[in-house]
Q: 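Structure provided below as structure tokens; questions to follow.
Keep in mind the model is a prediction, meaning the values are calculated, not measured.
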There are 2 protein chains.
Amino acid sequence: MNTAKRKRLESAGWRFGNAADFLGMPPEEEAYVKLKLRLADALEAKRKAEHLTQKALATRLKSSQSRVAFMEKGDPSVTVDLLVRGLFALGVSRKELAKAI
Amino acid sequence: MNTAKRKRLESAGWRFGNAADFLGMPPEEEAYVKLKLRLADALEAKRKAEHLTQKALATRLKSSQSRVAFMEKGDPSVTVDLLVRGLFALGVSRKELAKAI
DNA sequence: ACATATTATATCATTCCTGATATGTCGTCA
DNA sequence: TGACGACATATCAGGAATGATATAATATGT
């Protein structure tokens with residue numbers, strides 16, 4: 001699977017896809033992409049549990065609303081790094097982070 | 001604590017320091033830095049358990065020996081992203097990753 | 001329908017991470 | 001001692017991630 005196609009899959013529908021989306025993907029990359037989606041979902045869940053808007057979270061993170069939107073979609077332009085910092089900014093502990101993974 | 005000093009602490013001795021090293025650091029940043037160190041330690045441990053040199057791991061990661069050295073020190077120039085990809089390249093599962101966190 | 005709030009998408013300049021390279025340090029072994 | 005292997009440290013060009021901004025889409029309430 002080439003990079004361009006993978007990026008489209010990631011940014012678009014593949015969160016609703018099944019295992020076939022990962023066909024041909026090296027296992028370490030599959031693990032990495034799945035991790036990002038799990039963190040993305042955890043971030044959105046935690047933000048909503050705190051009754052915060054994307055904008056409010058962006059302010060805490062010293063980021064922008066648009067980037068938070070991408071974070072919650074697991075967009076390829078967002079790193080694990082930023083997702084983790086987002087969760088910490090929401091007060092998540094390392095233990096809770098581990099549970100999300 | 002300013003950024004420059006923090007970077008020096010991170011890259012130099014503070015892995016041997018105590019809680020005082022984190023004084024004045026916002027909790028979300030403390031969590032982030034601690035996370036990086038845990039991942040760094042896990043990476044080194046896993047690499048050694050596999051009897052690999054830094055150079056061998058670098059090849060798997062499509063990186064360089066020097067970067068692997070920085071990764072294992074938790075150097076500020078290394079992101080959580082790269083550490084996680086390093087662990088996955090060593091065959092670590094998401095579950096094992098969570099345990100390391 | 002309208003206004004407002006929230007989220008999604010597109011584009012872009014700047015920053016920072018990355019891999020590469022060179023070189024240094026340290027230990028080991030002949 | 002010298003040669004060698006493994007790891008540490010410095011520097012840097014290139015590229016990817018970031019925050020910002022603008023704007024579009026979608027909700028939610030009146």
Q: Starting at atom NZ of A:Lys55, determine the distance to atom C1' of C:dT4, rounded to an integer number of angstrom.
A: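 The answer, rounded to whole Å, is 13 Å.
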
Q: Within the structure, does a side-chain N or O atom of A:Arg85 lie under 4.0 Å from either OP1 or OP2 of D:dA17?
A: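 So the side chain of A:Arg85 is outside the cut-off, no N or O lying under 4.0 Å from OP1 or OP2 of D:dA17.
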
Q: Between P on D:dA6 and CD on B:Glu44, what's the gap in Å once rounded to a whole number?
A: 15 Å

Q: Quick one: label B:Val78 by what it contacts on the DNA or RNA (base, sugar-phosphate, nothing), any heavy atom closer than 4.0 Å.
A: sugar-phosphate

Q: May I ask you to verify whether the side chain of B:Ser64 and the base of C:dT18 hold a donor-acceptor pair under 3.5 Å?
A: no

Q: Yes or no on side-chain contact (heavy atoms from CB on, under 4.5 Å) for A:Met71 and A:Leu57, after CA distance, side-chain angles and deciding distance?
A: CA-CA 11 Å; A:Met71 290 166 75; A:Leu57 172 54; 5.9 Å; no

Q: If you only use heavy atoms from C-beta on, which nucleotide in D:dA20, D:dT18, D:dG19 is closest to the side chain of A:Ser77?
A: D:dT18

Q: Do B:Gln65 and D:dA8 share a donor-acceptor pair, side chain to base, under 3.5 Å?
A: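 Side chain to base: pair present.
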
Q: Measure distances between side-chain N and O atoms of A:Thr79 and base N and O atoms of D:dT18, and say whether any donor-acceptor pair falls under 3.5 Å.
A: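 A donor-acceptor contact between them is absent.
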
Q: Hey, are the side chains of B:Val84 and B:Leu87 touching, using non-hydrogen atoms and a 4.5 Å cut-off?
A: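 The answer is no; the side chains never approach within 4.5 Å.
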
Q: Whole angstrom is fine here: how far is it from NZ in A:Lys62 over to P in D:dG19?
A: 11 Å

Q: Assess whether a salt bridge exists between B:Arg47 and B:Glu72, defined as any Lys/Arg side-chain N lying under 4.0 Å from an Asp/Glu carboxylate O.
A: yes

Q: In whole Å, I'd like the distance from the NZ atom of B:Lys73 to the C1' atom of D:dA10.
A: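 Computing the B:Lys73:NZ to D:dA10:C1' distance gives 14 Å.
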
Q: Nearest whole angstrom, please: distance from the C1' of C:dA20 to the CZ of B:Phe70.
A: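 So the CZ-C1' distance, B:Phe70 to C:dA20, works out to 12 Å.
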
Q: Taking NZ from B:Lys36 and P from C:dC16, how many angstroms apart are they, rounded to a whole number?
A: 13 Å

Q: For the residue pair B:Ala40 and B:Gly74, what are the closest heavy atoms and their distance?
A: CB-N, 3.7 Å

Q: Between D:dG14 and C:dT23, how far apart are the two C1' atoms, rounded to whole Å?
A: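 Their C1' atoms lie roughly 22 Å apart.
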
Q: Where the side chain of A:Thr53 is defined as all heavy atoms beyond and including C-beta, which of C:dG19, C:dT7, D:dA8 is the nearest nucleotide?
A: C:dT7

Q: A:Asp75 has an atom CG; how far is it from atom C1' of D:dG19, in whole Å?
A: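 To the nearest whole Å, that distance equals 14 Å.
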
Q: CZ of B:Arg67 versus C1' of D:dT9: gap in Å, rounded?
A: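 Answer to the nearest Å: 12 Å.
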
Q: Minimum heavy-atom separation for A:Ala58 to A:Gln65, with atom names?
A: CB-N, 3.5 Å

